[in-house]
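Below: the structure, in structure tokens.
We're numbering straight along the sequence, starting at 1. Please read these numbers as outputs of a predicted model, since none were measured by experiment. First listed ligand is number 1; within each ligand, the first listed atom is number 1.
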Amino acid sequence: MAVQNKKGAGEEKLQTVRHSASHIMAEAVRSVFPGVKFGIGPAIDNGFYYDFDLPRAIAPEDLPGLEEKMRELIKSGLVFKRENVTKEEARQLFKDQPYKLELIEDLTEGDISIYRSGDFVDLCAGPHVNSTKEIPADGFKLDKVAGAYWRGSEKNPMLQRIYGLAFGSKIALDEYLALQEEIKKRDHRKIGKDLDLFVFSDLVGKGLPLFTEKGSVIRRELERFVVDEEIKRGYRHVYTPDLANIELYRTSGHYPYYKDTMYPIMKVDEDELMLRPMTCPHHYQLYASRPRSYKELPFRIAELAKQFRYEKSGELTGLLRVRSFCLADSHIICQAEQAVNEINQVLDLIEYAASVLDLNEGRRYRLSMGDRKDEKKYYKDDAAWDYAEDVLRQVLTNRKADFFEASDEAAFYGPKIDIQMKNFAGKEDTVFTVQYDFVGPKRFHLAYRDRDGQEREPIVIHRSSIGAIERTMAFLIEHYAGAFPVWLSPVQVVVIPISDRHVEYARKVEAQLKAANIRVETDDASERMNQKIRQAQLQKVPYMLVVGDREAEAGTVNVRLRTGEQMSSVPMADFETRILDVIHRKALEL
Ligand SMILES: [Zn+2]
Ligand SMILES: [Zn+2]
């Protein structure tokens, strides 16, 4: 606990340093543009910014000069001095600063302070460092310039915002810059293009990815993996339609409450249809298609279900935020007493899948609960909420899972466990969820005949195992930086003949591996061998098999791994055994 407090204080101090640096930047800008009009200059996550109204546009070339001026000011050891002023004094001080005058009008008399550092005066509540010497002169860097409307409203003038990065030391700044470089390199949109995995077409529509042959290989492997694993664990895998009658969603209660994220209704003959935003009610109809006995419970229905949700165009991000996605979805219909066991098994499956995909880092669980006072947002049934929250908490506690509780995060029909994961850039997101639902069965009159012959109402557990395939692919692309494990690699082997006369043997090798279901290509282009190796390396192909006279004669291959490792004269049978084993185990190593 003490350690955490210390870290908190360090973080606070860093924010003070960052904000103080924004004053110094403002002063540096004023030294170049004496007539500058100042907006505001807060600290942000990685540094600071300040908004300026300037006679000309700032270019990236201007930044080094401003940085130099800032360093000069920092080294001169300016002291920040606070003064309290009246509204009238503030108006006088900032009479040439229209934006500050506007801010002053919103302040409360008796509560107005200014800070002086050298000749620079700013309207500010603070806090600041005592002296500019506390700002590491080599721990900051002016990053970029962007346009920003005054007070965020497009009715106001557009100001120029200069962003600065600021850290406690040069080492910390350099680490941050290196991480940003790596994040850029790993961006799934960039790798998706470089490795030809998916594309977007304006004509098809925004947020609707098209998977290429290679991207489809990855997707198909993921889908096979999850379907096989779920069937092994007692799920009934089904197909249900992507469209549904609007009445289905009126019954479930999704329409009209969630209609902002649904697509408009299509009128077809006498019916009103819509693209489905979720699969649950489809699965309920399968369950309700005939009478069920307690012996059939838990009834686990699963589907790779296409779903359609409206996302604002500004929020669409590669495969992470799309308008049509495929969820590895399931609904487990069971007795309330079976819930603990079922949820445990769901978490087992999720943890197993995440470990196979190597997505274990930074995972934690959020127990997302309702807000009993909000009867509009959450279905009113205190006893049911108590029971369900207790079930989820009990599961997490017994598993000794790393979890925290959050209120007002539940679904309207019950509490849930959100599995939070950090992406490569360190941003935490909900990737999988397990939800406890005591409302759906009521709305759809789901029932089962119990041991004693009585009709009873089951509960439903909604869950995803590997989440939305598109989003999981985005995670995997960034996690592996495109160098997928062999079982997911679109091309697993490239055979490279040393010269034209070795193409025939290369084709033989290719045919033999193909017969064993290995994804293999022969590069028979007329380029030089080294060029072909380079090409395969860039495409992150795990194995390159280089073959020439000696190999053709002996029935061997020279194996070159994407990691750079090499093995010469490996008998074909040995290579085949090795790669099949790696694929079969879904191993991360080659
Ligand atoms: Zn300030
Ligand atoms: Zn559902």
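- One finds a salt bridge joining Glu102 and Arg151 here, because a Lys/Arg side-chain nitrogen approaches an Asp/Glu carboxylate oxygen to under 4.0 Å.
- Using bins of under 30°, 30° to 60° and over 60° for the plane-to-plane angle, the ring pair Tyr258/Phe412 lands in the tilted bin.
- Note on the Zn ion (ligand 1): protein N/O/S atoms under 2.8 Å are His19 NE2, His23 NE2, Cys124 SG, His128 NE2.
- For the pair Arg372 and Tyr378, the NZ or CZ position fails the cation-pi test of under 6.0 Å to the six-membered ring centre and within 45 degrees of the ring normal.
- A salt bridge is defined here as a Lys NZ or Arg NE, NH1 or NH2 lying under 4.0 Å from an Asp or Glu carboxylate O, and Asp418 with Arg366 meets this definition.
- Between Arg220 and Glu223 there is no salt bridge, since no side-chain N of the basic residue sits under 4.0 Å from a carboxylate O of the acidic one.
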Under 3.5 Å, which donor-acceptor pairs link side chains of residues 35-47 to any protein atom two or more places apart or in another chain?
from, atom 1, to, atom 2, distance (Å)
Lys37, NZ, Gly35, O, 3.2
Asn46, ND2, Tyr176, OH, 2.7

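- Distance CD/Gln435 to CG/Leu392: 10.0 Å, rounded to 0.5 Å.
- Here ring-ring contact (aromatic ring centres under 6.0 Å, His included) pairs that include residues 72-111, with residues two or more places apart or in two chains, are His23-Phe80, Phe80-His128, Tyr99-Trp150.
- Not a single donor-acceptor pair under 3.5 Å links the side chain of Thr279 to the backbone N or O of Ala305.
- Around the Zn ion (ligand 2), the protein contributes the following N, O or S atoms at distances under 2.8 Å: Cys280 SG, His331 NE2, His462 ND1.
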